[in-house]
2 protein chains.
Amino acid sequence: MPKQVDYEGRRRQIAEAVCLLADEHGPEGVTMRDVAARAQVSLGAVQRCFSSKEEMLLFAIDHVGERITERARARLAGSPAQSAATALGHAATEIALLREENRAEARIWLAFVAKAAVNEQLAAPLRTSYASLHDLLARLITEAAGSAPDDEVAAPPDPQREARTLLALADGLTSHVLMGHLPTQEAEDVLHAHLVGLWERLGTTGPRHAV
Amino acid sequence: MPKQVDYEGRRRQIAEAVCLLADEHGPEGVTMRDVAARAQVSLGAVQRCFSSKEEMLLFAIDHVGERITERARARLAGSPAQSAATALGHAATEIALLREENRAEARIWLAFVAKAAVNEQLAAPLRTSYASLHDLLARLITEAAGSAPDDEVAAPPDPQREARTLLALADGLTSHVLMGHLPTQEAEDVLHAHLVGLWERLGTTGPRHAV
DNA sequence: CGGGAAACGATACGGTCGTATCGCAACCGA
DNA sequence: TCGGTTGCGATACGACCGTATCGTTTCCCG
């Protein structure tokens, strides 16, 4: 029997290298040779892990999507005691990737979104990630609305639509920050103000403590 | 004296070709040779108009930005008799590029936004376009708020922030439609619902007729 | 322990890219 | 009319890309 290697681990290692390079030069600027060098493996090793460059990029985008969704979920699990409204705020700011330390992930994400608009192959995994985020937000919104005083839930807004709004707003803000149209602080203000409005519409008083 | 040609006209002609190709394959998939073929000029002619590919792309993105901004302004000028709230709705839907016939422009725009997140050179003209759109929206919002009954303008929301929110939401919706996460109809619903909320916050009753 | 299958990594290959070059044609002014 | 400046476009060039190939090394298992 031949030698055995941890392919899955190496694929992840290579995906990390793809992300680093895509962050620096955009996904089109990612070359197999650069990926191999960054991941500290040979070009041949990269070729053995992925049968083509396209497949490598597909794996990388899935990798990033899972990381973002997972982090949003983890942030939620990390503060379970607070209200649904607070959780919603945390999830939204997490998704918007506005913090400086998430700038790289945001650039990668935006780059792949743009590519997906032209390449149906890339669009599929992105849609999966977005559907997952949408579900998460919609669930939180429904939950937050449910915790409102009974006399206020006369006309609750459509949670699905509110989730779509929030998700689109977060994405738009992210791209505006990335291209330097908005400073991070203003984007956070916009998102916070929108959440305040959403809480009012839901009939809740918002989180018990300031966000 | 030597022969003379209409350089400015040719630059625009080439910019159109760049847009067509960027719509099909993304801006990275645009090659000088393809541009020349699509614009029905020789490769040498393209080289004489732009000293480098980068300069050509810069010119093209300016071209698109001007077109979008100009169309939003034209749409406004075309219906001057209606209320500021109606105008705001028109401007927002125009900017969101949700209609099928603007799909190509939306793809081009998204592609350049993604590139701008990595290339500062490209970001500058994009910021100019966004600043222009922001001013337009902020002005309309201020105007719409001014037309509210006097007893309702006690706490008018910040028009600057509302404009930023609207612009980011429009961009996010555009990208979500492009990648197929949202059908056009749902994106329009989201935008419309947000506008209704904005009108309420402004104290106006919204446009006199349905949008 | 030894044979063979798989991993390995250097190298080769065909193609395409952006850019530079160059001989020829076209045009304006003196 | 004619000379020289410029437009013109085909071609050349060097670099780099993704992928294929191949001799060598490594390691599992009978």
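Fair warning: this is a prediction, and the values are worked out from it, not measured in the lab. In the text below, chain A, chain B and the rest are named by the order of the sequence lines, each starting its count at 1.
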Answer yes or no: is there a side-chain heavy-atom contact under 4.5 Å between B:Gln13 and B:Val41?
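They are in contact (side-chain heavy atoms under 4.5 Å apart), so the answer is yes.
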
Atom [atom1] of [X] and atom [atom2] of [N]: how far apart are they, to the nearest Å?
X: A:Leu43; N: D:dC16; atom1: CG; atom2: P; value: 15 Å
X: B:Arg33; N: C:dT16; atom1: CZ; atom2: P; value: 10 Å
X: B:Glu28; N: C:dT16; atom1: CD; atom2: P; value: 18 Å
X: A:Leu21; N: D:dG18; atom1: CG; atom2: P; value: 11 Å
X: B:Glu55; N: C:dG18; atom1: CD; atom2: P; value: 15 Å
X: B:Arg11; N: D:dG7; atom1: CZ; atom2: P; value: 13 Å
X: B:Gln47; N: C:dG18; atom1: CD; atom2: C1'; value: 8 Å
X: A:His25; N: D:dC16; atom1: NE2; atom2: C1'; value: 15 Å

Taking N and O atoms by type only, does the side chain of B:Arg48 place a donor or acceptor under 3.5 Å from a partner on the base of D:dG9?
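A donor-acceptor contact between them is present.
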
Are B:Ser42 and B:Arg48 linked by a side-chain donor-acceptor pair shorter than 3.5 Å?
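There is no such pair (donor and acceptor under 3.5 Å, judged by atom type) between the side chains of B:Ser42 and B:Arg48.
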
CG-CZ distance between B:Asp62 and B:Arg11, expressed to the nearest 0.5 angstrom
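B:Asp62 CG to B:Arg11 CZ: 10.5 Å, rounded to 0.5 Å.
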
It should be established whether A:Arg10 places a side-chain nitrogen or oxygen under 4.0 Å from OP1 or OP2 of nucleotide C:dC8.
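Result: yes.
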
Classify A:Tyr7 by what it touches in the nucleic acid, base, sugar-phosphate, or nothing, heavy-atom distance under 4.0 Å.
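Sugar-phosphate, backbone atoms only, no base.
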
Just to be sure I understand the rule, does A:Val30 reach a base, reach only the sugar-phosphate, or reach nothing, if contact means heavy atoms closer than 4.0 Å?
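Here A:Val30 touches the backbone only, sparing every base.
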
Which residue lies toward the 5' end of DNA chain D, A:Asp34 or B:Gly44, if each is placed at its nearest nucleotide?
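Here B:Gly44 is the residue nearer the 5' end.
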
Take the angle between the ring planes of A:Phe59 and A:Phe50 and call it parallel below 30°, perpendicular above 60°, tilted in between.
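If you compare the ring of A:Phe59 with that of A:Phe50, the planes turn out tilted.
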
